[in-house]
Amino acid sequence: MSLDSATVRRIAALARIRVEDDELPRVQAEINGILGWIEQLQAVNTEGVEPMSGGSPVGQAQARLRPDAVTDGDRAEQVLANAPDRMGAWFGVPKVVE
Amino acid sequence: MSYTIEGRTGPWEIVVGLEVHAQVISQSKLFSGAATAFGAAPNSQVSFIDAGFPGMLPVINAECVAQAVRTGLGLNAKVNLWSRFDRKNYFYADLPQGYQISQFAHPIIGEGAVEITLADGAVKTIGITRLHLEQDAGKSLHDQHPSKSFIDLNRSGVALMEIVSEPDMRSPEEAGAYLSKLRQILRYLGTCDGNMDEGSMRADVNVSVRKAGEGYRTRCEVKNVNSIRFVMQAVEAEARRQIEVWEDGGEVSQETRLFDTARGTTRSMRSKEDAHDYRYFPEPDLPPLVLESNWVEALKAALPELPDARRARYVAMGLSAYDAHVLTLEKETAVFFESVATGRDAKIVANWLTGDFFAHLNKRGVGIEESPVPAKDLGALIDLIADKTINGKIAKDVLEIMFEEGKTPGAIVAERGLKQVTDTGAIDAAVDKVLAANAGQVEQYKAGKVTLFGFFVGQTMKALQGKGNPALVNEVLKAKLGG
Amino acid sequence: MHPTDFTLAGALAALEEGAISSVELTQAHLDGIAKLNPRINAYITVTAEKALAQAAESDARRKRGDARALEGIPLAIKDLFCTAGTETTAGSRILKGFVPPYESTVSQKLLDDGAVFLGKANLDEFAMGSSNTTSAAGPVENPWSRANDPDTRLVPGGSSGGSAAAVAARMALGATATDTGGSIRQPAAFCGIAGIKPTYGRCSRFGVVAFASSLDQAGPVARTVEDCALLLKSMSGYDPKDSTSADMPVPDFAAACRRGVKGLRIGVPKEYRLDGLAPEIAALWDQGLAWLREQGAEMVEISLPHTKYALPTYYIVAPAEASSNLARYDGVRFGSRVTEPGSDLRDLYERTRAAGFGQEVKRRIMIGTYVLSAGYYDAYYLKAQKIRALIRRDFEEAFRTVDAIVTPATPSAAFGMDEKQDDPVTMYLNDVFTVTANLAGLPGLAVPAGLDGQGLPLGLQVIGRAFDEESVFAVGRAIEQAAGFTALPGLRAGA
C-alpha cells in the first residue's frame, strides 16, 4: 500500500506536525518505503493468535492496584516551573474557541 | 400514547441514548495520588503524572475500581473480571498527555438495566450498554484574558465512570427520568455525589429522529449537558432541529454539538471537528485489570439497599406508593425517615415528613441533610402527640418553633405551657362558659343544626388556648349538648 | 595505572583499600571528559561541580565505614533518565531547557547506592536510532577507528551511543542506558564494551522518558560483564510507581558471573544465519560457540521461525506507541514552544512539534499515527502484536530445551557517520539480532568477543529466559574470559 500526498498530509495533521510543501515528497517517499517493507507481515498466518499487549514476557501480567490516599499534588510551583507561557497559576495557550 | 413531535410532514418519533460521565467518589485520582476535592486553587491538585510530564506512569487506584464495580452491581450489570485500559489519542489544551486513558475495547462493566417511572405511573426499562473507567481532562478558562485560554489541571486524572445507555429513550421526559434515576442510584451507592452544578455528572446526549416504523437515522451528540432540565431541553431542541433539516430535504450529519442554555438551541462544536480518529490501542503502561470473583462478591454483599428495594419495603410498611417514592428520592431523606420511623408508626412519620417538615425545609431552601431539626427531635415531637402530651394542632406550632429556635419539642412545650389539657374539670368549665355565651347557637343545634358542633369545638379549644385534648372536648360537648 | 583505566569492580576495590579517593577518581574522569568530549560529544551536560561534591561526600562516608554498593563510582547517565535539577533533553530540541523536579527510579537507586553522576550522556533523539546521529546535541563519535582508515569517523551505535562511547573512552566507569530494539547492545558491541538489557519489568521505567512503553527497558553498559552485573543489581527492583515493574527478588548477578557454563545447553538459532551474513561475524559466532563448548556447555540447534518478521513487527509497535508517548510534547507545560503572531492552538502544536522534533522522530510519529488510524489498526498494530506473540512463543519453545541462546550482537562493526543515512530501512537493519529480545521481553547481553579485519570490536549476544539474567551473565562472562578482549580504542582518557 502506498500513501498519496493527501493521506500523508492528513496523518501529519492528526499527529500535529507541520509539513511544508517542499518537504512533502521526501516525507511521503520515506513513509512509503517503510510501509512497503512492513507489508511483508501480511504473509504471516496469525489466525487464532492472541495478540500480545504490553511488554510482559511471562503470560498475562495483571495490574497492581494502589490504595486510595492523597500522596501527591500541592506542588503547583513545580508543575508550572517549566511552562513556556505561564500565566500566574495557570498554563497559557492561545485562546481556544469551542 | 407514545411521544411524538409534529412536523410539517407528520409526527416524528425521537430516539435518545445517554452517555453519562459520573465523577467517582475517591480521595485521590484514578492514576495518581493527587487529591480530587472540588474548588481547590488552580493547579494545586496536580501531580507530574496528571500534568503528563516525561517519564511519568499511571498506577490504578483500587477504590476507583471498587466504586465502578459497586456501580455496575447497582445497575444490575455484568462485572467483567478481565478488563483493560486503552489510550484514546487526541490533542487538546486540557489533555496533558495527548491521550486519555480509558477503557474502549474491554470495559469493566457490561450490560445492565435501569427501571424508570414516568409521570403517568408507567414503568420502563432502559438498557445499560456498558460502564467504563477513564480519566477526566483538565479545565480551560476562556474568559481570563483577551487572547489566551488558561489551563487548570486540577481535574486532570480524576476518575470518571462513563455510563452508556442503549438508545431506549423516546421522549425528553424519559431522558430526564433516566438521568434522575441514575443519579439517585449512584448517590445511594455513594459512588458519585451527583452534583451536576460542580460537574460531577455530565451527560452527552445522543439524539436522532425518525418516522414510525423506521430504523435509526443519523444521530448527533450534544456534549456536556450539566443538568437534568437542560438534558430534557437539549433533547427537544436537537430533535426539532433535526426534523427541520430532514423536512427541508436536507441530511442530518453526524457531529458533536453544544447546547446553548441561554438560547435553548444546539450548535455545532468547531473545536472537535477533526477529533474523530482517536487511534485507540491498549495502554502499554498498565497490565490488564483482573478482578477476583470473591472480591466482587464481597462488594456485592456490602452494597447498600437501593431505591427500588427501599420503596418496595416502604410500601410493605403501609406507606402509599407516592409517599414511598418521595421518601426514597434522596438517600438522605430515606435515612432520615427510617431513623424517625424506627419504633414509631411509619405512616404517621411519613405524613409529618412529607407534609409540614418538607414545607419548612423548602421554605428555608435547605436539603434534609442540612435540616436544622434533627431526626431525633422530630421523633420526640411525634412521641408527644402519641402520648397525648400535646395535640396535633399544637404540634404543628411546636414544629415551627423548633425550626425557628432549634430547641427540642419537650423544652418548647414546657417553656410555653403547651401541654394539652386533659383535666375534665377544666374542660367542663370551659364548655359551660362557651354554651352559656352562645345560647342562640345551642338552641339552633338542639333544633337539628348539628353542623354547629364544630363551632362549639372551636370555641372551646379557643377558650383552652388550643391545648384541649380534642377527644375529651368532643366527649364533654356531646354530653352537655345532650347528644 | 591511570585511574580511568580501572574496571568498576577494580575501582571499588581500590577505593576500599584507600588506594584512591572518589574525588581523585571523579576528577580524573572529569579531566578525561574535558579533553575528549569536545570531539566525542558523549555528554550533553557535564555536572562537574555536583559530581565532585558527591564524590567528597562519598569519601567521607566511606571513611565513616558506611560505604554502599557503588560508593564513589563515577557514572554517566543517559539523558533519557530524568534527573532532579539537571536538564534532561532526551536529545531533542523540544525538551530544551527542561529541568525535571524529580529523579527517575533507576538513577535514584544508583544515587542511593553511592554512585557519582558525571553528567548526562548523549543519545539518539528520544532513543530513536542506531547511530547516535539524530541527537539535537549533535552526533557522538565512536572512540574506535579503522586501522587502515583512521580518518573516517565512526558512529558509536545507538541509541545509547553517548553512554557506550563515554565508557569505551574511559570518560565514565559505567553508564545507564536504555534499550527498545537494541539501544544498549548495539552501541556496546560497536564500542567494544558490555551491556545488558534485562527482562522487561526488571528495571523501573518511572522517570525514564518513554519511547515505546512495551519495549523500553533500562540497563547498564560497562567495560566488563561483571561491572554490568554490579550496576544492574543496583538499578533493578520492584517499583510501585511503575505498574509494569516486576515484583521479583533481585539476585546477586555478580555471583552468577562466576558460575561457569558447565552443563548449560546453549541454543543456536538457525534463522540467525542470515543470507549475506558477514563472514567475519559468522566466524566470530562460531568461535564463541567453540569457547563455550570448551568450557563444558552443550550446543543445540534451535529454530526461532518468526525471526525474520521481528524487525518489521518492531517498526509497527514501536512507532505506534511512540506516536502516543510523544504527544505530550506540545509546547504547553514544558520544553520549547514555537508560534507565529496570531497562531491558534493548533498552529502552536504543529509548529512546535515540526521545529522541536528531528526528522527520524517525526517519521516514526507519522508511521505510528498511520498504523493506529481508523481502518488500519487491525492490519498493522493488531497484526504486529499477534506476530509478537508468535515471536515470544518461539522463544518459549526454545527455552524448553536450552538455558541460553547465543547469537551475533550486530550484523556489522561500527560504520562511518555518513554511511547508511540515505534509507531508513537500511539503518533499521542494525537491530536485526537484538530486536527479538525486546519484542519477547527477554534479557539480552552484548559482550565484546573480537575484532574485525579493520581492528573494530565485534560483539556476541546472549539471550536468556525471562528473569534469568543469571544464566545470561554466566554465559557472557565465559565468552568474555575466553575472548580475552584487551584491545583499546584510540580515543581514551589517560592515553
Side-chain angles (χ1 to χ4, degrees), chain A residues 3 6-19 31 35 38 41 46 49-98, chain B residues 26-29 32-36 40-51 53 59-66 82 84-85 89 91-93 98 140-142 144-154 258 269-272 274 277 279 281-290:
Chain A
L3 307 192
T7 307
V8 174
R9 279 216 175 281
R10 186 177 64 79
I11 295 299
L14 205 50
R16 298 292 187 274
I17 293 174
R18 186 182 170 89
V19 177
I31 291 180
L35 288 175
I38 284 169
L41 294 185
T46 52
V49 177
E50 201 47 45
M52 206 159 146
S53 72
S56 171
V58 278
Q60 283 288 7
Q62 63 183 70
R64 279 182 306 264
L65 308 182
R66 61 170 227 279
D68 180 27
V70 177
T71 56
D72 203 342
D74 198 13
R75 51 163 95 238
E77 274 312 310
Q78 285 185 317
V79 165
L80 291 159
N82 279 287
D85 183 21
R86 177 177 174 173
M87 300 298 293
W90 291 274
F91 299 100
V93 295
K95 203 170 198 79
V96 178
V97 184
E98 281 191 334
Chain B
S26 63
Q27 296 300 309
S28 60
K29 294 182 179 180
S32 88
T36 58
N43 290 306
S44 66
Q45 293 182 164
V46 181
S47 76
F48 299 122
I49 298 168
D50 311 318
F53 270 55
V59 184
I60 305 172
N61 181 337
E63 177 61 11
C64 296
V65 174
W82 192 95
R84 195 183 67 199
F85 286 92
N89 294 283
F91 286 87
Y92 208 64
S140 305
L141 291 94
H142 306 302
Q144 306 282 310
H145 190 281
S147 61
K148 291 176 195 285
S149 292
F150 285 12
I151 310 298
D152 174 11
L153 298 178
N154 278 349
L258 271 182
M269 214 172 156
R270 265 179 47 183
S271 56
K272 297 269 179 180
D274 73 338
D277 198 342
R279 292 159 284 137
F281 73 106
E283 166 56 281
D285 287 333
L286 292 170
L289 178 56
V290 182

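These numbers were taken from a predicted model, which means no experiment stands behind them.
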Inset, instruction - Working to the nearest 0.5 Å, report the span between CG of B/Asn43 and CZ of A/Arg86. - result: 9.0 Å
Legend entry - Heavy-atom pair count under 4.5 Å with chain A, highest-scoring of B/Ala51, B/Ala41, B/Pro284, B/Ser44: B/Ser44
Legend entry - Non-hydrogen side-chain atoms of A/Val96 and B/Ser149 separated by less than 4.5 Å: yes
Inset, instruction - Mind listing the closest non-hydrogen atom pair of B/Ala62 and A/Leu65 along with its distance? - result: CB-CB, 3.7 Å
Legend entry - Distance, nearest 0.5 Å, that separates CD1 of B/Ile151 from CG of A/Asp85: 10.5 Å
Legend entry - Partners meeting side chain to side chain contact (heavy atoms under 4.5 Å, CB included) with A/Asp74 (sequence neighbours left out): none
Inset, instruction - Kindly give the heavy-atom pair with the smallest separation between A/Ala89 and B/Pro42, and that separation in Å. - result: CB-CG, 3.6 Å
Inset, instruction - State whether the side chain of B/Ser28 and the backbone N or O of A/Ala69 hold a donor-acceptor pair below 3.5 Å, judged by distance alone. - result: yes
Inset, instruction - Would you mind reporting whether B/Ile60 and A/Arg66 have side-chain heavy atoms less than 4.5 Å apart? - result: no
Legend entry - Minimum heavy-atom distance between A/Lys95 and B/His145, given as atom pair plus value: NZ-O, 2.7 Å
Legend entry - Rounded distance [0.5 Å steps], CZ in A/Arg64 versus CG in B/Leu286: 10.5 Å
Legend entry - B/Leu153, part contacting chain A, at a heavy-atom distance under 4.5 Å: side chain
Legend entry - Under 4.5 Å from a heavy atom of chain B, the part of A/Gln78 involved: both
Legend entry - Heavy-atom contact with chain A under 4.5 Å, split by part of B/Pro282: side chain
Legend entry - Evaluation steps, side chain to side chain contact (heavy atoms under 4.5 Å, CB included), between A/Trp90 and B/Lys148: CA-CA 11 Å; A/Trp90 291 274; B/Lys148 291 176 195 285; over 6 Å; no
Legend entry - Portion of B/Ser147 that has a non-hydrogen atom of chain A nearer than 4.5 angstrom: backbone
Legend entry - Engaged part of B/Phe53 at the chain A interface, taking heavy atoms whose separation is under 4.5 Å: side chain
Inset, instruction - Over all heavy atoms of both residues, which pair between A/Arg75 and B/Val46 is shortest? Give the atoms and the distance, please. - result: CG-O, 3.6 Å
Inset, instruction - Mind listing the closest non-hydrogen atom pair of B/Arg84 and A/Ser53 along with its distance? - result: CD-OG, 4.3 Å
Inset, instruction - Among the options B/Ala40, B/Pro287, B/Gly33, pick out the one with the most heavy-atom pairs lying under 4.5 Å from chain A. - result: B/Gly33
Legend entry - Closest heavy-atom pair and its distance - B/Val290, A/Gln62: CG2-CB, 3.5 Å
Inset, instruction - Output all residues satisfying side chain to side chain contact (heavy atoms under 4.5 Å, CB included) with B/Ala35, sequence neighbours left out; order by chain, then residue number. - result: A/Val70, B/Gln45
